[in-house]
Protein chains: 2
Amino acid sequence: MHVSTASRALGSDAAGVSAETVQRVRELAVMLGYRRDVGAAGLRTGSSRLIGVLVPRLTDIVLATIYESIDIAAGTAGYSTVVANTLDDAGHRRSRLDAMLSRRIDGVIIGDSHIGDTAAFELQKLGVPYVLVMRKLEGHLSITTDDSLGGRLAAEHLLGLGHRRVGVIAGDPLASTGIERTDGFRRAFEAAGYPIDDRYVVGSGFDTRGGLAAGTRLMDLAEAPTAIFAVNDFIAMGAMGAIRDAGKKLRDDVALVGYNDIDIAATLPVPLTSVRSDLSAMGMLSVEALLLRMQGETADPVLLPPVLVPRATTVG
Amino acid sequence: MHVSTASRALGSDAAGVSAETVQRVRELAVMLGYRRDVGAAGLRTGSSRLIGVLVPRLTDIVLATIYESIDIAAGTAGYSTVVANTLDDAGHRRSRLDAMLSRRIDGVIIGDSHIGDTAAFELQKLGVPYVLVMRKLEGHLSITTDDSLGGRLAAEHLLGLGHRRVGVIAGDPLASTGIERTDGFRRAFEAAGYPIDDRYVVGSGFDTRGGLAAGTRLMDLAEAPTAIFAVNDFIAMGAMGAIRDAGKKLRDDVALVGYNDIDIAATLPVPLTSVRSDLSAMGMLSVEALLLRMQGETADPVLLPPVLVPRATTVG
DNA sequence: GTTCTCTGTGCAATCGTTTGCAGTCGCTCG
DNA sequence: CGAGCGACTGCAAACGATTGCACAGAGAAC
């Protein structure tokens, strides 16, 4: 019995080996607790069967949800995933991507793209298949929700409720999500005849702390806004703190709209109105697109449609 | 110039190679964009420089936080990490652990241990170094917080506020965290002369949805509790929904204590009283312990002390 | 001038798989 | 009965790195 025969017998098709041998080999493999060494196989075949995923932070439940669905989809296609927190920092991105390339990653899903970031370009140059998810970058294939439309939905909702003086907590000015959601929102208000002054649009981190700080700035304005659009739910939750600290009441004094509609939004003491995006679908589709590219085929960009879910922070 | 020379020149010590050669090799490596193939090296050296991490779910921010600190600590020690969501399901655990072993993982950090789970035993038998984090399992090295003490702290806080008829949302009955926090809490009430009836202790998932369902059951009791202890903050947030749905007011009608003190707890519209545990320290320490074990040394179990942080769900 | 030591480099085996090619064996067909 | 074919199996090279060992050459010591 030669190793090559065993290798063939353990292959998924087991071609060119007698049925008897296949059975014998497989039984023995189980008995001996044999496990094929994926690394060694990769050395020979040139494929690590590994997909790298770059995210800003997994403690952001939005990214964790996307990663979860990516991992599942990759798993069913026979791939493992490695994930890296890049903290939206160029240095981290570099070193983590380097580590991935050292492991001869088969493809990369970039969930943290950032204006001015070079990761996508580098992969392009190296010929490593990649896809962007969640955030876009001009000239690269991306799977995202229609953030501009999402912003407009939030705006129309608030306009319909009679709000005219509104604030926006815009997130990171270098992430497409924050940019496009803010743009869609502002354009809708402008089109309605109520352009939003720049002082009412403040940048922030994407977490609760950032939302609290930015929300406080908005509440400190001479004429505080009657409604706030936060480009994600964590920011919105931070803003809730700011509104409370300013002695105002949610909805009655200041309405609030978040984005992503994470699970918690619905069960908060005051349930949060939010723009829902299908994060799991985004993850799945990004894997699908990446697999296509890995086979040398072309994949199309995707823009998933968001939906506004009205709750107590805006309506009775 | 032979590959062996190059390999030596690129090693961290670069022993047995002339300084001139080292410099030449390194310059060339940079110029050519050479990257050492970690997988191939692992084949020869027997070490993948990979640490596997098993968690129930990364969408649970508690686990995501622990994983984040594990990843950082592992990184500074020159290791990469692979993480797997096991969803507290035996089948998933099996297949994900298998995949890790196929990659010749150097060590495993188990964050999802469960009574009746065999992962730890299997690793022990295979001689693969491992450590438990967050949850304990009899007979295995673990790095956790003192959950029993945490439960007692919550109980003493509520007792001090005059609460006598209290409910507990206990989480998964097979996870040590839920078990010990609940036990510590009940023992303290019993010691104070107010034993808690079994009907006032309900199991649940560890997420918001689970908290909502369990909270609803508590609020539906003939004599609803005047305070609820939830064994984690997400459960507590679900319970907030249940309390609201029952038409009761947080704190005035029903006080609420959570566990872990995640970031959001402080900025909620009604800030949540919670038992804080140092999740990052837990992650770091688990890596430290694992590294020790990987070097064949012995590591000691750790019990980090929790602290109660009183907020508006219990006090004025 | 011979021997010895020391430094730096090269050789070759090795890790565990995969896979093209070649060989063996039994059968069928003419 | 011999050729030919098909089904299995074995051989050996290859993937990219590491490492014990041997060897070359320079210089020192006698």
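Chain naming here is simple, since letters A, B, ... match the order of the sequence lines and numbering starts at 1 in each.
No side-chain donor from either of B:D278 and B:S280 sits under 3.5 Å from a side-chain acceptor of the other. Checked by atom type, the side-chain pair A:H114/A:D117 shows no donor-acceptor distance below 3.5 Å. Using modelled atom types, one finds a donor on one side chain and an acceptor on the other under 3.5 Å when comparing B:D147 with B:T145.
For the helix from C:dG1-D:dC30 to C:dG30-D:dC1, the terminal axes (five pairs an end, C1' atoms, rotation from four pairs onto the next four) enclose an angle of 60°, given to 10 degrees.
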Report all side-chain donor-acceptor pairs from residues 30-42 of chain B shorter than 3.5 Å, counting only partners two or more places apart or in another chain.
unit_1, atom_1, unit_2, atom_2, d
B:R35, NH1, A:D98, OD1, 2.8
B:D37, OD1, B:G39, N, 2.8
B:D37, OD1, B:A40, N, 2.9
B:D37, OD2, A:R104, NE, 3.4

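Separating the CG atom in B:D60 from the CD1 atom in A:I61 is a distance of 8.0 Å, to the nearest 0.5 Å. A distance of 12.5 Å separates CZ in B:R94 from OG1 in B:T86, rounded to the nearest 0.5 Å.
Atom pair B:R49:CZ and D:dG16:P shows a separation of 22 Å (rounding to whole Å applied). Between the P atom of C:dG16 and the CZ atom of B:R103 lies a distance of 17 Å, rounded to the nearest Å. Atom CG in B:L43 sits about 13 Å away from atom C1' in C:dA13, given to the nearest Å.
Taking A:D263 as the reference, B:R209 meet the salt bridge (charged side-chain N to carboxylate O under 4.0 Å, His left out) condition, with sequence neighbours excluded.
Nucleic acid contact for A:R36: sugar-phosphate only, since backbone atoms but no base atoms lie under 4.0 Å from a heavy atom of the residue.
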Salt bridge (charged side-chain N to carboxylate O under 4.0 Å, His left out) assessment of B:D112 paired with B:R96: CA-CA 12 Å; B:D112 68 336; B:R96 304 307 304 261; over 6 Å; no
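Contact check on B:R135 versus B:D88 returns a salt bridge, with a Lys/Arg side-chain nitrogen under 4.0 Å from an Asp/Glu carboxylate oxygen.
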Give each protein N/O atom lying under 3.5 Å from an N/O atom of nucleotides 22-24 of chain C, with the pair distance.
none

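Taking side-chain N and O atoms only, B:S18 has no distance below 4.0 Å to OP1 or OP2 of C:dG8. Neither OP1 nor OP2 of C:dA12 sits under 4.0 Å from any side-chain N or O of B:S4.
Along DNA chain D, the nucleotide nearest to A:R8 and the one nearest to B:S7 differ in position, and the one closer to the 5' end is contacted by A:R8. Heavy-atom nearest nucleotides on DNA chain C were determined for B:H2 and for A:D37, and the one closer to the 5' end corresponds to B:H2. In terms of position along DNA chain C, the nucleotide closest to B:T45 lies nearer the 5' end than the nucleotide closest to the other residue of the pair A:R44 and B:T45.
The stretch residues 23-35 of chain A touches DNA chain C through A:Y34, A:R35, each having a heavy atom within less than 4.0 Å of the strand.
Side-chain contact between B:Y79 and B:L290 is absent, with no heavy-atom pair separated by less than 4.5 Å.
Among pairs with a residue in residues 119-145 of chain A, those fulfilling ring-ring contact (aromatic ring centres under 6.0 Å, His included) read A:F121-A:H140, A:Y130-A:H140, at least two apart in sequence or across chains.
When the nucleotides D:dT18, D:dT9, C:dG10 are ranked by their closest atom to the side chain of B:T5, C:dG10 comes out on top.
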